[in-house]
2 protein chains.
Amino acid sequence: MSIQTRRERERAERERLIVTAARELAEAEGWEAVTTRRLAAEIEYSQPVLYSHFKGKDAIMAAVAVEGFAEMAEELRKARTAAGGTRAALAAVGEAYTAFARRRPALYDAMFTHTVDLPFATPEAPSALHAAFGELLRAVEPVAADGEDPGQLTETYWAGLHGLTTLMRSGRLPEGAHDRRLALLTAHFTASD
Amino acid sequence: MSIQTRRERERAERERLIVTAARELAEAEGWEAVTTRRLAAEIEYSQPVLYSHFKGKDAIMAAVAVEGFAEMAEELRKARTAAGGTRAALAAVGEAYTAFARRRPALYDAMFTHTVDLPFATPEAPSALHAAFGELLRAVEPVAADGEDPGQLTETYWAGLHGLTTLMRSGRLPEGAHDRRLALLTAHFTASD
DNA sequence: CCAGAATCCTAGCATCGCTAGCGTTCGTGT
DNA sequence: ACACGAACGCTAGCGATGCTAGGATTCTGG
């Protein structure tokens, strides 16, 4: 039994090694540099080993994405609880969201643009994902007007944040005015009440 | 001289053939089906011909994207001018934008997610691109509050629309409540003043 | 100590975007 | 009218991708 557990532990460690290496490589050189050959070399195993842990490259990206959701949830929570007042909290969360996306672009891509292997708007979604959305929800909820569904309002605000980050990252929006645009978005979600 | 012009005309026709074939293939089977081999077979020429017209696959996608901008601008214009009142106009434009994205997903991807070959927020950007943004601008401008930069406000509203479409398209947002979310977004941009 | 199972690697497949180099066809000048 | 030169478009191939089949090697259990 002990041997069995040791093997399982080693397997789990190697799986973490894969995910960590994939993430570090992606953050250092972008996801286009994360090839199965390169990743295999990085963990000092051969390519097929990757496929004994994950169904394919997408599944590896999904694992990295889950890590990202957990970290984002944590950062959003800190920003929200550190702020006084509901408007300040929403602004702080929006700021934290876009800051996360700009600081960890590869992680953000894995979470929100690339992979689709993960279930999202269902109970089967990873708990880290629910946690991240929950932080947004808690910041948006207090500013929802009567008759507005807080969940839908959160989704809409989230879409605004997501649009700002992706359009800016792809060069569609100039970087300079980002803070102004973010302030406009937040203002228009707190103005109604 | 006549011979020269005939050749140029034929070249231009073949270039349009390439762009049209690429677009149709993408709209029918998605951009992942648009390989250079497949596209070459479709236009009944060999692969290298593509590279005598375009620098690479990205440039072909960029050409398709420009077509898309022109059509989107037209649809936004129709929606805006057909609506009475400023709030109705903004709602109509938002509706038209997301409807376009849902009806022509491959085109939308070429315009807003895939290619980066095109200049965007500069005067060098294709005129069709300015036209499309201009339609959004004309719809947003009237609802801008004092002290709000209309251009930045338009960019922010645009980001909201873009976020809604991409998150929905990738399965991150449930399709069902799309209309509600769109209504929320528009409402929060018309509520002020 | 040996049979059987688990594990991991070498080698390869099909496909991708893209390019070098060669024939062939066409327009031009004598 | 004819040979020459220059475009033109094709065949063939390169390097790299994600992924997999098959065998060699190691380890486990009787």
Side-chain angles (χ1 to χ4, degrees), chain A residues 1-19 21-23 25-26 28-65 106 109-110 113-117, chain B residues 1-19 21-23 25-26 28-65 106 109-110 113-117:
Chain A
M1 184 66 89
S2 169
I3 292 172
Q4 191 84 2
T5 59
R6 191 209 61 204
R7 293 207 132 174
E8 286 171 8
R9 191 184 61 237
E10 287 174 354
R11 252 193 87 81
E13 283 171 5
R14 197 173 57 180
E15 191 157 316
R16 287 225 29 97
L17 183 64
I18 293 172
V19 175
R23 171 179 174 166
L25 197 49
E29 307 181 32
W31 280 108
E32 72 279 1
V34 184
T35 68
T36 57
R37 283 172 177 79
R38 181 84 184 275
L39 186 54
E42 212 75 35
I43 65 171
E44 297 180 323
Y45 282 93
S46 66
Q47 282 180 281
V49 168
L50 302 175
Y51 295 88
S52 71
H53 287 270
F54 299 94
K55 207 182 68 184
K57 190 187 173 182
D58 284 357
I60 297 177
M61 292 184 63
V64 174
D109 282 346
T113 66
H114 278 339
T115 189
V116 190
D117 260 15
Chain B
M1 186 65 87
S2 170
I3 291 171
Q4 190 86 359
T5 59
R6 192 210 62 201
R7 293 205 131 174
E8 285 173 9
R9 192 183 61 237
E10 286 175 354
R11 252 193 87 80
E13 283 171 4
R14 197 172 58 178
E15 191 156 315
R16 285 229 27 100
L17 183 65
I18 293 172
V19 175
R23 171 179 174 166
L25 197 50
E29 307 182 31
W31 280 108
E32 71 279 2
V34 184
T35 67
T36 57
R37 284 172 178 80
R38 181 85 183 275
L39 186 53
E42 212 77 35
I43 63 171
E44 296 178 322
Y45 281 93
S46 67
Q47 282 179 282
V49 167
L50 302 175
Y51 294 89
S52 71
H53 286 270
F54 299 95
K55 205 182 70 184
K57 191 187 172 183
D58 283 358
I60 297 176
M61 292 185 63
V64 174
D109 282 346
T113 67
H114 277 340
T115 189
V116 190
D117 260 15

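Throughout, protein chains are lettered first and strands after them, A, B, ... in sequence-line order, and every chain is numbered starting at 1. Only heavy atoms go into these numbers, but all of them, side chains included; no hydrogens, no water, no symmetry mates.
Protein atom CG of Leu17(A) is 13 Å distant from nucleotide atom P of dC8(C), rounded to whole Å. Distance CD (Glu32(A)) to C1' (dC16(C)): 16 Å, rounded to an integer number of Å. Between the CD atom of Glu10(A) and the C1' atom of dT7(C) there is a distance of 12 Å, given to the nearest Å. Protein atom CZ of Arg38(B) is 19 Å distant from nucleotide atom P of dA14(C), rounded to whole Å. For the pair Lys57(B) NZ and dT19(C) P, the interatomic distance rounds to 15 Å; values are reported in whole Å. Rounded to an integer number of Å, the gap from CG of Leu39(B) to P of dT15(C) is 17 Å. Taking atom CG of residue Asp58(A) and atom C1' of nucleotide dT17(D), one finds them 13 Å apart after rounding to whole Å.
In the region residues 43-55 of chain A, proximity to DNA chain C at under 4.0 angstrom, judged on heavy atoms, holds for Tyr45(A), Ser46(A), Pro48(A), Val49(A).
To the nearest 0.5 Å, the span separating CD1 on Ile60(A) from CZ on Arg23(A) amounts to 15.5 Å. Atom CD of Glu44(B) and atom CZ of Arg14(B) lie 13.0 Å apart (nearest 0.5 Å). Leu25(A) CG to Thr35(A) OG1: the interatomic distance, rounded to the nearest 0.5 Å, is 7.5 Å.
Between Trp31(B) and Lys57(B), the shortest heavy-atom distance links the atoms O-NZ, 3.9 Å. Here the shortest heavy-atom pairing between Ala63(B) and Val19(B) reads CB-CG2, 3.8 Å.
Put simply, Arg14(A) has a side-chain N or O that comes within less than 4.0 Å of OP1 or OP2 on dC8(C). Within the structure, a side-chain polar atom (N or O) of Thr36(A) is placed less than 4.0 Å from OP1 or OP2 of dG18(D).
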Please tabulate, for side-chain N and O atoms in residues 45-52 of chain A, each donor-acceptor pair with protein atoms closer than 3.5 Å (sequence neighbours left out).
from	atom 1	to	atom 2	distance (Å)
Gln47(A)	NE2	Thr36(A)	OG1	2.7
Ser52(A)	OG	Val49(A)	O	2.7

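Two residues, Val34(A) and Arg37(B), neighbour DNA chain D, and the one matched to the more 5' nucleotide by heavy-atom proximity is Arg37(B).
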